[in-house]
Every structure is written in structure tokens, then in C-alpha cells.
Number of protein chains: 2
Amino acid sequence: MRLTTKGRYAVTAMLDLAIHGDAGPVSLADVSSRQDISLSYLEQLFAKLRRNTLVSSVRGPGGGYRLSRPLQQIFIAEIVDAVNESVDATVCGGSTDCQQGEICLTHHLWCDLSDQIHDFLSSISLYSLVERGEVKRISARQDEREHDHGDLSLREVTH
Amino acid sequence: MRLTTKGRYAVTAMLDLAIHGDAGPVSLADVSSRQDISLSYLEQLFAKLRRNTLVSSVRGPGGGYRLSRPLQQIFIAEIVDAVNESVDATVCGGSTDCQQGEICLTHHLWCDLSDQIHDFLSSISLYSLVERGEVKRISARQDEREHDHGDLSLREVTH
DNA sequence: TATTTAACCAAGTAAAACAGTGGGAAATGG
DNA sequence: CCATTTCCCACTGTTTTACTTGGTTAAATA
């Protein structure tokens, strides 16, 4: 079972797109500075997200990434699945050959757990996250900070 | 969030104790051969399980480990917690300082997920696992294999 | 009492994954 | 043409995992 910073970063970045994507594509440089995630690392994650058709890209100035589906139709489980291999808790990946070609003692337990986690993360869409009070508050704080620093995309700074 | 072979091994080994512990303490050599887990690795895991008072040990010939509580009172979450640091899915460990001293965008999401997983694993006792049909079947198969090999503890072999 | 059995303990190690860096393409808008 | 931004690839330090090696100590038994 894998659920590390990688998956967290991916979800955080996708949520950032969901929040700031109204005015057109969002550049990874913006996401990087708002969410404190290394730009090159983001690029690697978004390569996977793009391969899984969760985002589409626009190259060149003013370009960036946009979500390829409405917020209501993008679920956290998909995002985590896209960057990790899976959220499977079993050794065998569900193929029941965990102990020398045969099923191991706790196989079903880990299957049940995997289902549990997957169902939970599949029940949460980007939309439901954006609508949360705390997310709105935290996002507002991040936008404040961004203004203070003033080191973001030129779109907002230059005349 | 950590949930790897380490935790799986620990649960499998504890379940082995639960199944074979009626006739006295179970040696790690037996567990190792039945469950295909390295003996020395098991020793390391059981050191942690003992520190967390999930098992007690008996040294010397005929010794081994026994569960320090009834099956109904030992839950999977405790076992996983004992060998890993925790099953926490957040970066900050719940202390809300994930982004430069402040809370990050997805903090609550990972908290919810951690709760979800913990509640699930806390709802399953060793007893409920032992009572499962598949566990009984798989355990029976393992005992068969053990007989075929005949390379287990002397307790069962010598007159 | 010597021997065997087993828990206990410490250190090291190969492989993998994680998190991130750096350099340089190619596309695109002004 | 030039700045921006995606895209792509290779490399690196650190941590964790899973496991090995080589012991010591406690207790039962012959």
C-alpha cells in the first residue's frame, strides 16, 4: 500500500487547479509557489496525470494545465492511482499468489482494506473539496501570501 | 501513511499465534516456516510487539511467544501501529503545521482518511479473523504442508 | 553440569522508493 | 526573435525496507 507525499502533492496540485482554473490554464510555476512544491517534481507528477487524462496542457506563454473534466467528475482515488501504481494493500496485487503460488493467511483482510480505502477516496470529488469551508479559508490565506511576495506570474503584476 | 510488508508480516504472525497458541507458547521458528517469513526479521518485529505489550515471551526450550490478551481484545490497528510508527496519512502527524508552520490545503482530507483506515482496522480483532472460513481453510493447508516437510519443532516429532 | 533450545540484541547491507535537481529540448504567443 | 511554459531525460542524496550475520543470555533437559 502506497500513500505518500507523492499522492498528497498530486491531490494538492489538482485542488489548486480546481480553485484557480476559472481564468484559463494554470502554470506549474504558480502551483509551485502557492503550494511549496518543487517545480520539476510537479512536472513529473503532471506527466502522469496527463497520461491518465486527468489534465490537459497548453504550451507557451499564458499556458499551463487545466482539468480535463468537470470538478464533480474527478475523484481523489483517480489522482492517487495516477501517480502511484495503486492504492492496493495486498502483496500480490489481488492475484491470490502471495505465498509461494498460493493465497496467504491475511489476503482477504488486505483486500477488504484496499476496498475500504478506495471506496472512501472514490467518494470524494474535487468539487466536494473546493466547497469545504476550511479549503476556502486556507486558499484565501495562500492568495494573500502570494500577493505579499509578488513573485508570481507576470499576468497579475505587469500593467 | 505507512502500510507495507512490515505491518502485513506482523498481522500474519500474530494470527499464526492466535491459531496455534492453544497448546502453549509458539516459537518464531514455527511461525517462520509456516508463514515463510525470515526468522531474524520476525525477531525484530516481535521485539516491537513485546514492547507494546501485545505478546509475552517464554525463553528456553519449549518456549516462544503467546498473546498477552484474549483474541477478542487484540485489534489489527494495534498490531500495525506497534511495528510501524503510525497509520497516519498526514505529513504533519496531525499537528496542522504542514505548510511552513501553517495548515496545508488538503490537511483535513488526509485526517479523514487516517480516521477511516484506523476505524476500519480497529473494528477487526484477531478473534474475528480466526473465525473466518477462508482463514481456517488456508491455515489447514499450511498445517498440511508443514507435515509434508516435517522440518518443524521437535515437540511434534519426538516420541 | 553440559547441551540444546529458544528469546534477545546489535550492526550491517542490498535494493528500492522517495523527493528533488539540472539541463536541455520543443511548442507557442507577443 | 524572444520569453514563457510544457515536455523529457538522467542523475543524486536520503530514507526505508527486508533481510543477514554473529553473537549473548535465560531456561529446560539429558
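Computed from heavy atoms alone, side chains included, the values below leave out hydrogens, waters and symmetry copies. Numbers restart at 1 for each chain; the letters A, B, ... are given by sequence-line order, proteins then strands.
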note: A:L45, atom CG; D:dT6, atom C1'; distance rounded to Å ~ 15 Å

Rounded to whole Å, the CG-C1' distance (A:D30 to D:dT4) equals 12 Å

A:K48 NZ to D:dC7 C1', in whole Å, measures 15 Å

Quick one: is D:dA18 close enough that its OP1 or OP2 comes under 4.0 Å of any side-chain N or O from B:T5? yes

Could you run down the sub-3.5 Å N/O contacts of the protein with nucleotides 7-14 of chain C?
from	atom 1	to	atom 2	distance (Å)
C:dA7	OP1	B:L28	N	2.9
C:dA7	O3'	B:S57	OG	3.3
C:dA7	N3	B:R59	NH2	3.3
C:dC8	OP1	B:S57	OG	2.5
C:dC8	OP2	B:R50	NE	3.4
C:dC8	OP2	B:Y65	OH	2.4
C:dC8	N4	B:E43	OE1	3.2
C:dC8	N4	B:E43	OE2	3.1
C:dC9	N4	B:E43	OE1	3.3

*asked:* Strictly below 4.0 Å: does B:Y9 bring a side-chain N or O up to OP1 or OP2 of D:dT17?
replied: no

With no hydrogens and no angle check, just 3.5 Å: does a side-chain donor-acceptor pair link B:W110 and B:T106?
yes

Under the 3.5 angstrom rule, does the side chain of A:S32 hit a backbone N or O of A:L28 as a donor-acceptor pair? no

* Asked: Can a salt bridge be assigned to the pair B:E43 and B:R50 using a cut-off of 4.0 Å between side-chain N and carboxylate O?
  -> no

Taken to the nearest whole Å, CG/A:L49 to P/D:dT6 is 13 Å

Separation of D:dC7 atom P from A:L42 atom CG, nearest Å, is 13 Å

When rounded to whole Å, the OH to P distance for the pair A:Y41 and C:dA19 reads 4 Å

| query | According to a 4.5 Å side-chain heavy-atom criterion applied to Ile, Leu, Val, Met, Phe, Trp and Tyr, with indirect links allowed, do A:L67 and A:Y65 form part of one hydrophobic cluster? | reply | yes

Is the backbone N or O of B:V135 less than 3.5 Å from a side-chain atom of B:S139, with the two atoms forming a donor-acceptor pair by type? no

Notebook entry, point to check: Under 4.0 Å between a Lys/Arg side-chain N and an Asp/Glu carboxylate O for B:R66 and B:D22?
Noted result: no

